[in-house]
Amino acid sequence: MNFRRVIVLDLASLGIGESSDANRFDSVGADTLGHIATLEGSNFQLPTLSRLGLGNIRYSDPVVGLPPVEDPIGFFGKIRSKSEENSKLSGLREMFDFQTATRTTSVIDAIVGLLGVHSILISDYQSYLSNQNQAEVIPVNTDDAGFKELHQQVIAPNNGLLYYRTLGLQENAISGNRQGCIDSLKTVDQHLARLMRELYSTDLLIITSTFTNDPALDVTPTREYLPLIAYTSSSPEGKALGIRRTLADVGATIGEIFGLEVSNESIGSSFLGELK
């Protein structure tokens with residue numbers, strides 16, 4: 001597929017169950033999505049994310065209110081962080097880290113500086129994002145402002161990389177406000193429905209999370225598997241992407257789309273070829 005733009009929606013704090021190394025990070029039993037869902041039980045519904053395949057990721061251990069759907073329209077899987085560090089920024093660095101022959105940089109700066117690909121980053125202040133000198137950084141401090149900016153950027157006929165890191169879910173998860181987490185996820189779900197209508201046929205939407213924070217546990221952040229969903233209107237039939245070993249697979253996919261030459265030693269493995 002010849003994608004001209006990639007939109008990455010980072011649902012920061014959203015985890016889907018303890019990762020294989022959870023015991024090393026005091027996160028045994030962590031399940032952000034599952035513990036949020038139990039507050040509303042069967043009334044917990046995220047129709048857009050469900051159609052995309054969020055519930056299918058947990059087909060063997062369904063989340064209350066999010067059963068697998070028969071014909072998901074998104075490509076779905078789960079992904080883990082490989083980093084030995086577990087912080088709010090380590091996953092972000094891992095997703096975009098890139099090693100050239102001479103230095104460590106990022107996929108973001110590499111596709112802009114080497115290939116001239118326009119990159120827009122929408123987020124509250126994060127030092128890592130602000131240090132991406134080649135990208136355009138748009139600061140926001142609420143999801144209302146962030147999604148407003150995201151929609152404006154998506155409907156513009158521009159190519160390149162567009163990244164948005166949501167705010168409400170992480171704020172509520174950190175404070176232990178499970179009802180606030182539910183409200184934030186429902187807001188995301190509503191905006192996603194609109195966003196999918198706004199996409200061009202040459203757009204690829206990637207939905208994931210760069211760290212997790214189960215509000216039911218005292219430890220923060222928690223160590224969990226992260227959701228991975230990819231959607232394009234040009235391929236309405238999705239399928240499973242399996243378990244990805246590192247968040248760097250997202251960066252590798254972005255790099256391949258824009259023609260960045262990488263080796264497996266410097267970045268993860270692209271899943272572009274699986275989007276068929």
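All residue numbers in this chain count up from 1 along the given sequence. This is a predicted model, so every value here is computed, not measured. As a basis for the values below, the full set of heavy atoms in this structure was taken, side chains included, without hydrogen atoms, waters or symmetry mates.
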Do [X] and [Y] share a hydrophobic cluster, counting only Ile, Leu, Val, Met, Phe, Trp and Tyr and linking them when any side-chain heavy atoms are less than 4.5 Å apart?
X: Ile36; Y: Leu217; answer: no
X: Leu192; Y: Tyr200; answer: no
X: Ile122; Y: Ile254; answer: no
X: Ile243; Y: Ile16; answer: yes
X: Ile206; Y: Ile120; answer: no

Find out whether [X] and [Y] are in side-chain contact, i.e. whether some heavy atom of one side chain is under 4.5 Å from a heavy atom of the other.
X: Pro215; Y: Asn177; result: no
X: Val250; Y: Ile79; result: yes
X: Thr38; Y: Arg178; result: yes
X: His151; Y: His191; result: yes
X: Leu66; Y: Leu49; result: no
X: Leu241; Y: Ile229; result: no
X: Leu161; Y: Val107; result: no
X: Leu129; Y: Tyr163; result: yes

Name all residues meeting the side-chain contact (heavy atoms from CB on, under 4.5 Å) criterion together with [X]; count only those two or more places apart in sequence or in a different chain, and write none if there are none.
X: Asn86; result: Phe25, Pro221, Arg223
X: Val117; result: Ile111, Leu115, Phe258
X: Ser83; result: Ser81, Glu85, Ser90, Glu94

When you measure from the side chain of [X] to the backbone N and O of [Y], does any donor-acceptor pair fall under 3.5 Å?
X: Thr208; Y: Pro227; result: yes
X: Asn56; Y: Val69; result: yes
X: Asp109; Y: Gln134; result: yes

What pairs of residues pass the salt bridge (charged side-chain N to carboxylate O under 4.0 Å, His left out) test when at least one of them lies in residues 194-214, not counting sequence neighbours? Arg5-Asp203, Arg194-Glu198

Set out, in order, the CA-CA distance, both residues' side-chain angles and the distance that settles side chain to side chain contact (heavy atoms under 4.5 Å, CB included) for Thr48 and Leu195, then state yes or no. CA-CA 11 Å; Thr48 309; Leu195 184 66; over 6 Å; no

Would you say Arg93 has more than 12 foreign heavy atoms packed within less than 6.0 Å of its CZ? yes

Count the heavy atoms of every other residue, nucleotide or ligand shown that sit under 6.0 Å from CZ of Arg58, and state whether that count exceeds 12. yes

One pair to check against side chain to side chain contact (heavy atoms under 4.5 Å, CB included): Lys186 and Leu46. What are the steps and the verdict? CA-CA 6 Å; Lys186 289 183 176 180; Leu46 300 171; 4.0 Å; yes

[atom1] of [X] to [atom2] of [Y]: how many Å apart, nearest 0.5 Å?
X: Ile257; Y: Arg4; atom1: CD1; atom2: CZ; answer: 13.0 Å
X: Leu162; Y: Leu121; atom1: CG; atom2: CG; answer: 8.5 Å
X: Asn133; Y: Ile108; atom1: CG; atom2: CD1; answer: 11.0 Å
X: Leu11; Y: Leu9; atom1: CG; atom2: CG; answer: 4.5 Å
X: Met95; Y: Thr246; atom1: CE; atom2: OG1; answer: 10.5 Å
X: Ser209; Y: Leu169; atom1: OG; atom2: CG; answer: 7.5 Å

Could you walk me through whether Ile73 and Met196 pass side chain to side chain contact (heavy atoms under 4.5 Å, CB included), step by step? CA-CA 11 Å; Ile73 60 174; Met196 289 163 63; 3.5 Å; yes

Verdict with supporting geometry, Asp143 and Thr166, side chain to side chain donor-acceptor pair (under 3.5 Å): CA-CA 6 Å; Asp143 275 341; Thr166 60; 5.0 Å; no

Would you mind checking if Arg24 and Glu84 are paired as a salt bridge, meaning a charged N to carboxylate O distance below 4.0 Å? yes

Ion pair Lys82/Asp97, N-O distance below 4.0 Å: no

For [X] and [Y], work out which heavy atoms get closest and say how close.
X: Asn23; Y: Ser20; answer: OD1-O, 4.1 Å
X: Glu237; Y: Phe75; answer: O-CZ, 3.8 Å
X: Phe211; Y: Lys88; answer: CD2-O, 3.6 Å
X: Ala37; Y: Val63; answer: CB-CG1, 3.5 Å
X: Ser233; Y: Tyr231; answer: CA-OH, 3.6 Å
X: Ala230; Y: Phe271; answer: CB-CE1, 4.4 Å

All ring-ring contact (aromatic ring centres under 6.0 Å, His included) counterparts of Tyr225, not counting sequence neighbours: none

Is it the case that the side chains of Glu224 and Thr32 hold a donor-acceptor pair, with the cut-off being a distance below 3.5 Å and no angle test? yes

Hits for side-chain hydrogen bond (donor to acceptor under 3.5 Å, both in side chains) against Glu171, two or more places apart or cross-chain, chain-then-number order -> none

Take Ser269 and Arg245 through the test side chain to side chain donor-acceptor pair (under 3.5 Å) and record every step on the way to the result. CA-CA 9 Å; Ser269 299; Arg245 293 184 297 174; 5.2 Å; no

My understanding is that only one of Leu228, Ile7, Leu52, Leu54 makes a side chain to side chain contact (heavy atoms under 4.5 Å, CB included) with Ile207; could you say which? Leu52

Would Ser234 and Ser201 count as a side chain to side chain donor-acceptor pair (under 3.5 Å) here? Give the steps. CA-CA 5 Å; Ser234 60; Ser201 61; over 6 Å; no

When the ring planes of Phe147 and Tyr164 are compared, do they come out parallel, tilted or perpendicular, using 30° and 60° as the limits? perpendicular

Side chain to side chain contact (heavy atoms under 4.5 Å, CB included) assessment of Lys148 paired with Val140: CA-CA 10 Å; Lys148 180 180 179 180; Val140 294; over 6 Å; no

Apply the test side chain to side chain donor-acceptor pair (under 3.5 Å) to residues Gln132 and Ser119: give CA-CA distance (whole Å), side-chain angles for both, the deciding distance (0.1 Å), then the verdict. CA-CA 10 Å; Gln132 303 307 306; Ser119 294; over 6 Å; no

